[in-house]
Structures are given as C-alpha cells and as structure tokens.
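So that the names make sense, note that chain A is the first sequence line, chain B the second, and so on, each numbered from 1.
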Amino acid sequence: GAVVSQHPSWVICKSGTSVKIECRSLDFQATTMFWYRQFPKQSLMLMATSNEGSKATYEQGVEKDKFLINHASLTLSTLTVTSAHPEDSSFYICSANGGADTQYFGPGTRLTVL
Amino acid sequence: QKEVEQDPGPLSVPEGAIVSLNCTYSNSAFQYFMWYRQYSRKGPELLMYTYSSGNKEDGRFTAQVDKSSKYISLFIRDSQPSDSATYLCAMKATDSWGKFQFGAGTQVVVTP
C-alpha cells in the first residue's frame with residue numbers, strides 16, 4: 001500500500017517551453033501533497049505544499065508563477081514548470097501525506113532543459 | 001544553524017557490519033521521526049517511523065529516539081551491499097501541517 005506515482009519519470013525539453021509533471025496517490029487519498037526539488041548529492045528542498053481544492057503554499061524563494069501547482073483531486077497533484085530554463089533542470093519529487101503524519105514519496109522526475 | 005543536522009558521509013562499512021546513522025535536531029516541538037532510504041535517481045522510501053521517544057525494530061533496522069538529547073539513530077544489522085544508499089532522517093512537529101524537516105542525508109556504502 002501507500003504507492004505514489006509520478007509521470008513522466010524523465011523529460012527533456014527546450015528552453016522556453018512548459019513542462020507538466022503529475023503526481024498520483026494510487027491506493028490512498030491524499031489531502032496534502034508536497035513538491036520537492038533535489039540537486040545532485042543534496043537533500044530535498046521543499047518547494048510547495050499542495051492542498052486539495054485550494055491554492056498551494058510556496059516556500060520562500062520559490063516563484064509561484066514559474067512553478068504552477070494544481071491539486072485537483074484527492075489523488076492527483078500537478079506541477080507545471082513554465083518557460084523552463086536550463087537552471088530549472090533538476091530532480092523533482094512529490095510526496096503525499098499518508099496517515100499517521102508521514103509522507104510517501106513518488107519515484108521522482110528528472111527534468112533536463114536544453 | 002540548521003534545525004536538523006546529519007553527517008553527509010560517505011560512511012563505508014564491510015558487508016555484515018552494523019551501520020550506525022544519526023541526526024541531531026534543535027526544535028523540541030518535533031514529535032514525529034522518520035528514516036528514509038534513497039537510492040540514486042529514485043524517490044525516498046520510508047523505512048522507519050517513530051512517534052515521540054523510544055525504540056522501534058523492524059527486521060534488520062532499529063530506530064531510536066532520545067528526545068531529551070534531541071538525537072535520533074538508525075541501526076542496520078548484518079548490512080548488505082543492497083543497503084548502499086543515502087539515508088535521510090526527517091521530523092515533524094505536531095502543528096506543522098505535515099511539513100517535514102529533512103537532514104542532509106548520509107551516503108552509506110556497504111562493500112562486499
């Protein structure tokens with residue numbers, strides 16, 4: 001149980017284009033999902049907290065107009081990187097709140113912007 | 001000072017040895033403590049979850065929480081090469097709306 005999927009697992013795009021990443025909780029409902037960014041050999045950096053049916057809460061320094069988050073249902077949250085640039089290349093990971101105050105992570109999406 | 005401190009390693013141990021990992025923290029409001037394992041280019045996988053103080057054992061893994069010292073540990077017995085990964089500690093306060101504080105992660109290498 002407690003499986004979180006992400007799609008796509010990797011994506012390469014040209015600079016200036018937008019990329020959408022989906023995060024789904026497959027066997028449980030998640031009122032809260034989180035989006036993280038991870039650089040090589042570094043820990044997770046929380047970007048935003050996504051609550052079903054409401055606006056996401058962004059961490060300080062994260063551009064909400066660049067990283068659009070939509071939590072349309074209890075099993076789906078999406079992150080759209082708008083007008084992507086090479087510096088946005090990173091490993092993006094989502095997680096979903098399970099019961100008992102823990103988080104279950106997706107497998108991550110590797111974004112490369114050329 | 002970071003709220004959660006974790007030595008990034010790498011920590012190299014021979015197969016069969018005990019791996020000892022730890023994190024220290026400064027926020028006394030933390031009540032939930034987790035250990036995650038992350039393989040390269042994969043998402044973190046929940047290994048152990050502990051609420052408040054005490055010990056918890058699951059197979060070869062033992063998690064300990066000492067709230068008086070603000071110190072948590074993870075022990076891996078009979079380590080295997082497949083245990084080679086980065087181990088992240090995470091913790092959360094009761095009123096933090098699900099937001100976790102993560103350690104930097106310790107890279108563990110188990111050599112055959």
So which atom in [X] and which in [Y] form the shortest heavy-atom distance, rounded to 0.1 Å?
X: A:Thr102; Y: B:Tyr49; result: CB-CD1, 4.1 Å
X: B:Gly103; Y: A:Ser43; result: O-OG, 2.6 Å
X: A:Leu44; Y: B:Pro44; result: CD1-CG, 4.0 Å

[X]-[Y] co-clustered via ILVMFWY side chain contacts under 4.5 Å:
X: A:Leu79; Y: A:Leu111; result: yes
X: B:Ile72; Y: B:Leu11; result: yes
X: B:Phe30; Y: B:Tyr32; result: no
X: B:Phe61; Y: B:Val65; result: yes
X: A:Ile69; Y: A:Tyr92; result: yes

side-chain contact (heavy atoms from CB on, under 4.5 Å) between A:Ile93 and B:Gln38, intermediate numbers included: CA-CA 12 Å; A:Ile93 309 175; B:Gln38 186 176 24; 3.7 Å; yes

Ring geometry between A:Phe105 and B:Tyr36 (parallel below 30°, tilted from 30 to 60°, perpendicular above 60°):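 B:Tyr36 and A:Phe105: perpendicular rings.
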
Closest-packed option against chain B by number of heavy-atom pairs under 4.5 Å, given A:Gly108, A:Ser95, A:Pro107, A:Ser9: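 Highest number of heavy-atom pairs under 4.5 Å: A:Pro107.
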
More than 12 heavy atoms of other groups within 6.0 Å of B:Ile18 CD1: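 No, not enclosed.
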
Enclosure of A:Lys66 NZ (heavy-atom neighbours >12, cutoff 6.0 Å):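 More than 12 heavy atoms, drawn from other residues, nucleotides or ligands, come within 6.0 Å of this atom.
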
Contacting moiety of B:Gln31, where chain A heavy atoms sit under 4.5 Å: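 Neither; nothing under 4.5 Å.
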
B:Phe100 vs A:Phe34 side-chain heavy atoms within contact, under 4.5 Å: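 In short, these two side chains do not touch, never coming nearer than 4.5 Å.
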
Contacting region of A:Gln6 [heavy-atom separation from chain B under 4.5 Å]: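 Nothing of A:Gln6, per the 4.5 Å heavy-atom cut-off to chain B.
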
Which of B:Lys42, B:Arg41, B:Glu45, B:Gln107 touches chain A most, by non-hydrogen pairs under 4.5 Å: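 Option with the top pair count is B:Arg41.
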
Spacing of CD belonging to A:Gln38 relative to OG1 belonging to B:Thr86, to within rounding of 0.5 Å: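 Result: 8.0 Å between the selected atoms.
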
